[in-house]
Amino acid sequence: MKRIISYIICFCFLVLIPFFSHAQKKPRIENLPKYDLKPYHFGFLLALNQMDFIIKPNKNFSSSDSLLVLEAEPQLGFNIGIISNLRLGNYTDLRFLPTLSFGERILEYTIKTDSNTTELTKKKIESTYLDFPFLFKYKSKRLNNVRSYIIGGVQYSLDLASQAKKKQNNLELVRIKSNDIMCQIGIGFDFYTEYFKFATEIKMSYGLKDLIVRDNTMLTNSIERLNSKIFQLSFLFE
């Protein structure tokens, strides 16, 4: 994940350097000077996500000797959503961003067999989240056509592809609960163009609920807690 974040940061710098160089060559004309005085406005977002799990193993699990390693393998996904922004003050907004998020995660079990060899078992968990985040946005003072900001809040997520109620059909599945509550925090930059406002934003989401559905198998009973952790890079058009 650290490597992906490094690539994203480098990409953002490569995108922003030409923007600032071009801005320095032209007279500084403030675009959309009255945009932030509107009581409310709307837009849409496109985003990349990396869904992951925070795993707390069950140390009291009786068959733990056969389970050597349990790890989560994050995967890339994408989001599409709608932006609703309510102005609370000169530097504060309340935002509601209903979003559809697609992604998956993989749980990797390294198990010791009877012949003292190891085998790797991977369980894919696909998710299609319907997200309802309520966020406070605190903005810096506008500098020409750029403004930085931080965001924070809570989100309710409903997993439309949850396997919580699916039957196993003789297959061992790792099932997770269909709803979650997350805390979110992030940073971003607003860029005011001639016709609209564009923003790039990095956000982290941490799930508060234990998602694992225990079904008396080694795959689930070996986990004490399973929480979501989601990284998101968003591009917002308002």
Side-chain angles (χ1 to χ4, degrees), residues 1-20 42-55 71-85 93 95-108 122-137 146-162 176 179-193 196-208 211 226-238:
M1 181 175 178
K2 291 182 178 179
R3 182 177 297 178
I4 293 176
I5 294 175
S6 299
Y7 289 156
I8 291 172
I9 293 174
C10 292
F11 171 78
C12 291
F13 274 115
L14 290 175
V15 171
L16 295 179
I17 286 174
F19 175 84
F20 286 116
F42 303 94
F44 68 95
L45 70 88
L46 304 172
L48 298 174
N49 69 62
Q50 185 184 53
M51 294 187 180
D52 198 359
F53 283 128
I54 300 174
I55 304 174
E71 295 179 323
E73 181 181 332
Q75 303 292 309
L76 292 177
F78 68 95
N79 312 54
I80 54 175
I82 299 172
I83 302 169
S84 303
N85 190 97
D93 294 336
R95 292 165 73 80
F96 175 55
L97 298 87
T99 305
L100 195 59
S101 305
F102 303 88
E104 65 180 29
R105 290 157 284 197
I106 297 175
L107 289 177
E108 294 185 344
K122 293 188 177 184
K123 296 297 180 180
K124 182 186 296 185
I125 301 175
E126 298 180 346
S127 295
T128 302
Y129 281 113
L130 190 57
D131 299 324
F132 301 98
F134 287 90
L135 303 170
F136 285 100
K137 176 179 179 180
V146 181
R147 186 198 295 268
S148 62
Y149 65 87
I150 59 174
I151 54 171
V154 295
Q155 170 179 290
Y156 172 76
S157 296
L158 177 64
D159 189 355
L160 303 178
S162 171
I176 63 173
N179 57 80
D180 197 5
I181 297 175
M182 301 184 184
C183 290
Q184 296 187 322
I185 188 169
I187 60 173
F189 292 90
D190 286 329
F191 302 97
Y192 296 81
T193 69
F196 63 92
K197 186 176 72 172
F198 169 73
T200 58
E201 179 182 290
I202 293 177
K203 182 170 63 177
M204 288 297 302
S205 303
Y206 296 93
L208 302 179
L211 296 180
L226 189 71
N227 298 87
S228 283
K229 182 175 71 172
I230 302 175
F231 169 81
Q232 183 173 315
L233 171 65
S234 302
F235 302 94
L236 303 94
F237 302 85
E238 302 177 49

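Just so it is clear, the structure is predicted and the values come from calculations on it, not from any experiment.
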For [X] against [Y], the heavy-atom pair lying closest together:
X	Y	result
L208	D180	N-OD1, 3.8 Å
I125	I176	CG2-CD1, 3.7 Å
G207	M182	CA-CG, 3.9 Å
I83	F44	CD1-O, 3.3 Å
N49	F78	ND2-N, 3.2 Å

| query | According to the interplanar angle, ranging from 0 to 90°, do the rings of F237 and F196 count as parallel (below 30°), tilted (30 to 60°) or perpendicular (above 60°)? | reply | tilted
| field | Worked verdict on L46 versus I80 for side-chain contact (heavy atoms from CB on, under 4.5 Å) | value | CA-CA 5 Å; L46 304 172; I80 54 175; 3.6 Å; yes
With rounding to the nearest 0.5 Å, note down the distance linking [atom1] in [X] to [atom2] in [Y].
X	Y	atom1	atom2	result
M51	Q75	CE	CD	11.0 Å
L233	I202	CG	CD1	6.0 Å
K137	N85	NZ	CG	6.0 Å
K124	L107	NZ	CG	12.5 Å
Y156	N179	OH	CG	4.0 Å
S84	R95	OG	CZ	9.0 Å

| request: Given side-chain contact (heavy atoms from CB on, under 4.5 Å), test Q50 with D52 step by step and report yes or no. | output: CA-CA 6 Å; Q50 185 184 53; D52 198 359; 5.6 Å; no
| salt bridge (Lys or Arg N to Asp or Glu O under 4.0 Å) partners for K197, two or more places apart |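 Testing K197 for salt bridge (Lys or Arg N to Asp or Glu O under 4.0 Å), a comparison that skips the adjacent residues, returns D190, E238.
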| field | Crowding at CD1, I185 (>12 non-hydrogen neighbours, <6.0 Å) | value |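 No, CD1 of I185 has 12 or fewer neighbouring heavy atoms, counting only those of other groups under 6.0 Å.
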Cut-off 3.5 Å, no hydrogens considered: what does the side-chain donor-acceptor table look like for residues 127-136, sequence neighbours left out?
from: S127; atom 1: OG; to: R105; atom 2: NH2; distance (Å): 3.3
from: S127; atom 1: OG; to: D159; atom 2: OD2; distance (Å): 3.1
from: Y129; atom 1: OH; to: R105; atom 2: NH2; distance (Å): 3.0
from: D131; atom 1: OD1; to: Q155; atom 2: NE2; distance (Å): 3.4
from: D131; atom 1: OD1; to: S157; atom 2: OG; distance (Å): 2.7
from: D131; atom 1: OD2; to: S101; atom 2: OG; distance (Å): 2.6

| query | Do F235 and T200 touch side chain to side chain, with heavy atoms closer than 4.5 Å? | reply | yes
| request: Take I151 and K203, measure what side-chain contact (heavy atoms from CB on, under 4.5 Å) needs, and give me the verdict at the end. | output: CA-CA 8 Å; I151 54 171; K203 182 170 63 177; 3.9 Å; yes
| field | Audit row: S228, L211, side-chain contact (heavy atoms from CB on, under 4.5 Å) steps and yes/no | value | CA-CA 8 Å; S228 283; L211 296 180; 3.2 Å; yes
| Mind checking what makes side-chain contact (heavy atoms from CB on, under 4.5 Å) contact with E108, not counting sequence neighbours? |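 Here the qualifying residues are E71, E73, I106, L120, K122.
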